[in-house]
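Naming: A, B, ... by sequence-line order, numbering from 1 per chain.
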Amino acid sequence: MSNKVRVRFCPSPTGDPHVGMVRTALFNWAFAKHNNGTFVFRIEDTDTSRDSEESYQALLDSMRWLGLNWDEGPEVGGPFGPYRQSERMDIYKDVAKKLYEKGFAYHCYCTQEEVEERRKAQKEKGQTPGYDAHCRELTDSQIAEFKCKNREPVLRFRMPSKTISWNDLVRGELSFKHEHIPDYVLVRANGDPLYTLVNPTDDALMEITHVLRGEDLLSSTPRQIALYEAFKEIGVGKGITPDFGHLPYVMGEGNKKLSKRDPESSLLLYRREGFLPEGLLNYLALLGWSFGNDIEFFSMQEMADNFEISRVSANPARFDIKKCTAINADWIRKLSVPELANRMEKQLIDSKILPNSPSPEQKELLISATPLVQERLETLSQVPGMLSFFFVSESEFVVDKEDAKNTLTQDLLPALEKSVKLLRDIPEFKTQSLHDELNKLLVTEMGLKPRVIFTALRVAVTGRKVSPPLFESMEIMGRDKVISRIEKCLKK
RNA sequence: GCCCCUGUCGUCCAGUGGCCUAGGACGCCGCCCUUUCACGGCGGUAACGCGGGUUCGAAUCCCGUCGGGGGUACCA
């Protein structure tokens, strides 16, 4: 069991969770499940200036909403905890010390300005800019001199002079020459450990075997691999370097990476807009991965069963809201009626159309209305607009002005009057007989166009041109409500 | 500038030397169904960035070129 797959998802709690992040989490999750491995959830909150408790909570909440359950991590625990980096500072301090003592890292006294200036000079000469190893071999007297100037050193990693290559899980063989990977900072002058140190440290300590992360981390991989080799020497972790796989970007409109700042990248937005976690995840899975056949509609479990990392594409994918919506609509249609009704209920409560605890009658009404809208919903946010007419009281009910224009016209009033009479007398207030009788009266006898008169009735009864099927809606509402609404129109 | 990644319909994905006159999905257009809108059904639209090779044969291999993205931090 020692070669068990262990992967991690390790976001920073800064700002709202976004869809690119979800995609990364999903692929890690699927990879873990597929390989019967462990999915570790770790919080990288070492940057106190940017992290917030609020984001942290939003992160956990989002992961739970999506159903991306973790085997180890916050609130779940596990043998490698704690899983929040802010609680692991002593560990990093210790690793940094070992690195320094064994000569894998050194103190660098250069100021940021000095480094920047030399970088500029390198650029002008057409060289790869980067730290020039200035402080690699300082003498004691040089160090003493810096100390006199009250300079606090940063801790820099001593990159080995060799080409570093690895077989990327999604991109294949990759290699970087040592002159392009300068010595980099592990610990700030003020003592704060950086991502460059804490991320590999925790991966090593948590015995992570596969690192699946965004393409943006691609260029930092060689330095991490070198760090792992040092870890092996100083006994941090089990001495294994994980396999790396770099996932392509999720792009927004145009050609830019979907960043946290883009509103359309916020997971919360999609949640608010009434996307189902199933639908969103299904769509995100398609961004960079496929079964290899033409199947595009699948559950997370099916994805996990079939997830091959080698099938992940390396090219960036644009997030297409239209397709995401289409898949979401498929998922809505796939839900069972009680399940959909349940989710719609939440939506209706949130938009104040239903009270916090709906009455049994309201619940029943919702259940019977659900099949009528199931195939016309794309997102849950459309529910209130489509169903409110069922629930509002007669005094609150209003006909949409725009929709009434050109549909509820003067010349149709006689027909509506006759309809009311018919509705009052019809023995069976059921879909079929309503359809038959109204059709007979209005179309056959009065010679009206079905399209015209039924649209008028629809607007009168539901308040909208677009609504659940008319006769079904009438049956569900019941005789009194239907008649009262038509009469209301007649009075005007 | 330097380094790295990447390049098939508008978008996402399929395609790893002949099954490709390039397939599916979303979008868009048209038709059918129909009491509106949808749903569903049917059909259409539309792509291998470019130039050289290699080969009997290339979207698939090689070289070049152009384009897109990222990195080049005491960010991640």
Under-3.5 Å donor-acceptor pair between A:R318 side chain and B:U11 base
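Not at all, since no donor on one side and acceptor on the other fall under 3.5 Å apart.
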hbond_proxy A:E296 side chain to B:G24 base (donor-acceptor, 3.5 Å cutoff)
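Indeed, a donor on one side and an acceptor on the other fall under 3.5 Å apart.
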Considering Watson-Crick and G-U wobble pairs with both distances under 3.5 Å, what does [N] pair with?
{"N": "B:C66", "value": "B:G7"}
{"N": "B:C75", "value": "none"}
{"N": "B:U34", "value": "none"}
{"N": "B:U54", "value": "none"}

For atom [atom1] of [X] and atom [atom2] of [N], their distance in whole Å:
{"X": "A:F471", "N": "B:U36", "atom1": "CZ", "atom2": "P", "answer": "10 Å"}
{"X": "A:M251", "N": "B:U11", "atom1": "CE", "atom2": "P", "answer": "12 Å"}
{"X": "A:K334", "N": "B:G40", "atom1": "NZ", "atom2": "C1'", "answer": "16 Å"}
{"X": "A:L284", "N": "B:C26", "atom1": "CG", "atom2": "C1'", "answer": "15 Å"}
{"X": "A:D216", "N": "B:A76", "atom1": "CG", "atom2": "C1'", "answer": "7 Å"}
{"X": "A:D294", "N": "B:G24", "atom1": "CG", "atom2": "C1'", "answer": "4 Å"}
{"X": "A:M303", "N": "B:C13", "atom1": "CE", "atom2": "P", "answer": "13 Å"}
{"X": "A:D436", "N": "B:U35", "atom1": "CG", "atom2": "P", "answer": "12 Å"}

Of the options [options], whose atoms approach the side-chain atoms of [X] most closely?
{"X": "A:F176", "options": "B:U35, B:C4, B:U6", "value": "B:C4"}
{"X": "A:R376", "options": "B:U6, B:A38, B:C75", "value": "B:A38"}
{"X": "A:E375", "options": "B:G23, B:C39, B:C74", "value": "B:C39"}
{"X": "A:E472", "options": "B:C75, B:U35, B:C3", "value": "B:U35"}
{"X": "A:H180", "options": "B:C39, B:C5, B:C2", "value": "B:C2"}
{"X": "A:S12", "options": "B:A76, B:U35, B:G24", "value": "B:A76"}
{"X": "A:L470", "options": "B:A76, B:U6, B:U35", "value": "B:U35"}
{"X": "A:S220", "options": "B:U36, B:C13, B:A76", "value": "B:A76"}
{"X": "A:D320", "options": "B:U36, B:C26, B:U6", "value": "B:C26"}

Is any side-chain N or O of [X] closer than 4.0 Å to OP1 or OP2 of [N]?
{"X": "A:S290", "N": "B:A14", "result": "yes"}
{"X": "A:N315", "N": "B:U8", "result": "yes"}
{"X": "A:R156", "N": "B:C74", "result": "yes"}
{"X": "A:R119", "N": "B:A73", "result": "yes"}
{"X": "A:R311", "N": "B:G15", "result": "yes"}

Indicate, with a heavy-atom threshold strictly under 4.0 Å, whether [X] touches base, sugar-phosphate, or nothing.
{"X": "A:V185", "answer": "sugar-phosphate"}
{"X": "A:G288", "answer": "sugar-phosphate"}
{"X": "A:F297", "answer": "nothing"}
{"X": "A:A326", "answer": "sugar-phosphate"}
{"X": "A:Y249", "answer": "sugar-phosphate"}
{"X": "A:C10", "answer": "nothing"}
{"X": "A:L217", "answer": "base"}
{"X": "A:R458", "answer": "base"}
{"X": "A:K322", "answer": "sugar-phosphate"}

For [N] and [M], measure between their [atom1] atoms and round to the nearest Å.
{"N": "B:A38", "M": "B:C26", "atom1": "P", "value": "16 Å"}
{"N": "B:A22", "M": "B:C9", "atom1": "P", "value": "14 Å"}
{"N": "B:C62", "M": "B:U54", "atom1": "C1'", "value": "7 Å"}
{"N": "B:U8", "M": "B:U60", "atom1": "C1'", "value": "11 Å"}
{"N": "B:U65", "M": "B:C3", "atom1": "P", "value": "13 Å"}
{"N": "B:G43", "M": "B:C48", "atom1": "P", "value": "25 Å"}
{"N": "B:U34", "M": "B:G41", "atom1": "C1'", "value": "13 Å"}
{"N": "B:A14", "M": "B:G49", "atom1": "P", "value": "15 Å"}

Check the orientation of A:F298 and A:F291. Use parallel for under 30°, tilted for 30 to 60°, and perpendicular for over 60°.
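Ring orientation, 0 to 90° scale: perpendicular.
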Aromatic rings A:Y100 and A:H107: how do their planes relate, parallel, tilted or perpendicular, breaks at 30° and 60°?
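Rings of A:Y100 and A:H107: parallel, under 30°.
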If you pin A:V154 and A:L286 to their nearest nucleotides in RNA chain B, which one's is more 5'?
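Result of the comparison: A:L286.
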Which residue, A:K323 or A:H435, contacts RNA chain B at a nucleotide closer to its 5' end, judged by nearest heavy atom?
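Its nearest nucleotide lies further toward 5', so the answer is A:K323.
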Got more than 12 heavy atoms from elsewhere within 6.0 Å of NZ, A:K149?
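Yes, because the 6.0 Å sphere around NZ of A:K149 holds more than 12 heavy atoms from other groups.
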Please check if atom CD in A:E54 has more than 12 non-hydrogen atoms from other residues, nucleotides or ligands closer than 6.0 Å.
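No - once you tally the heavy atoms of other residues, nucleotides and ligands closer than 6.0 Å, there are 12 at most.
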Can you see whether A:Y184 has A:R223 sitting over its ring - NZ or CZ less than 6.0 Å from the centre and within 45° of the normal?
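Yes, a cation-pi geometry.
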Taking C-beta and beyond as the side chain, do [X] and [Y] meet within less than 4.5 Å on heavy atoms?
{"X": "A:T24", "Y": "A:L247", "answer": "yes"}
{"X": "A:L197", "Y": "A:L99", "answer": "yes"}
{"X": "A:S12", "Y": "A:D51", "answer": "yes"}

Does a donor on one side chain sit under 3.5 Å from an acceptor on the other, for A:D45 and A:Q85?
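The criterion, which ignores hydrogens and geometry beyond distance, is not satisfied for A:Q85 and A:D45.
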Could you tell me which non-hydrogen atom of A:L287 sits nearest to which non-hydrogen atom of A:R23, and how far apart they are?
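Of all heavy-atom pairs spanning A:L287 and A:R23, the closest is O-NH1, 2.8 Å.
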